[in-house]
Amino acid sequence: MDREDLRLAVYRMFAATGRAPDAGTLARQLGAGPVMVARELEELAAAHHLVLDGQGRIVMAHPFSAVPLGFSAMGARVLWWGGCAWDSFALPHLLPDEGEILVATRCPACGRAHAWNVGTVRPPEGGQVAHFLVPAARMWDDVVYTCGNQRLFCSEDCVGSWLEATGQERGYVMDLATLWRLAAHWYDGRLEPGYNRRDPAQAAGYLRSVGLSGPFWGL
Ligand SMILES: [Zn+2]
Ligand SMILES: [Zn+2]
């Protein structure tokens, strides 16, 4: 079984259905044994192409998530868990056939509901801000926790009160337009065969090009 075929099968199932395939479904689809599939999924997880739970089930294949992390994302035909703020805003760019995607969440500080029609042409309007808690160098230490703490808030004030209430250090705050630019091309190519993750220099160049800077991003 080709590992890239397995990666693509996972990504395409997530894209088409909003759900992660289980190992049995992947084994049947690829004509491979379940032990082989489980081993190859571990390899893909080690290379950060996807995230497994303790039982080897697929939890995330960025920007797709099988678990709720504070966001929903509704396309023309499919409803996804949105992953984090970054992942939710990435979905319309990765899935242009879905049109604008309705991204919805609650402010973690005050519980106010927020929703945006997110498309590929321009950033959605709104004065809300994204707060990312975990610095880039540590994002993969526990990536589910990291994504669970990349959230959208009403305002800087709500970020401040959430940090105070939870006893956390401030991470990085950006406006909607910066979040949208960050999300726009970060995941390019993940639904295509032969995808390669950016190397650190390419990643740094991308982050700079969307207007990010400072030690939080390792820049
Ligand atoms: Zn709020
Ligand atoms: Zn995320």
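The model shown is predicted, which means the values in this text are computed figures rather than measured ones. Every number for a ligand or one of its atoms is a count from 1 in the order of the listing.
Rounding to 10°, one obtains 110° for the angle at the Zn ion (ligand 1) between SG (Cys154) and SG (Cys107). The angle Cys147:SG - the Zn ion (ligand 2) - Asp87:OD2 amounts to 110°, with values rounded to 10 degrees. Cys110 contributes SG and Cys158 contributes SG; the angle these two atoms make at the Zn ion (ligand 1) is 110°, rounded to 10°.
Under the 3.5 Å distance criterion, the side-chain polar atoms of Glu43 are left unmatched by any main-chain donor or acceptor of Arg3.
The residues Arg7 and Glu4 are annotated as salt-bridged, a charged nitrogen and a carboxylate oxygen being separated by less than 4.0 angstrom.
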Margin query: His185 vs Trp180, test: ring pair (Phe, Tyr, Trp, His ring centres under 6.0 Å). Steps then yes/no.
Written below: CA-CA 9 Å; His185 297 293; Trp180 182 85; 8.2 Å; no
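The 12-atom threshold is exceeded at CE of Met13, counting heavy atoms of other residues, nucleotides or ligands nearer than 6.0 Å.
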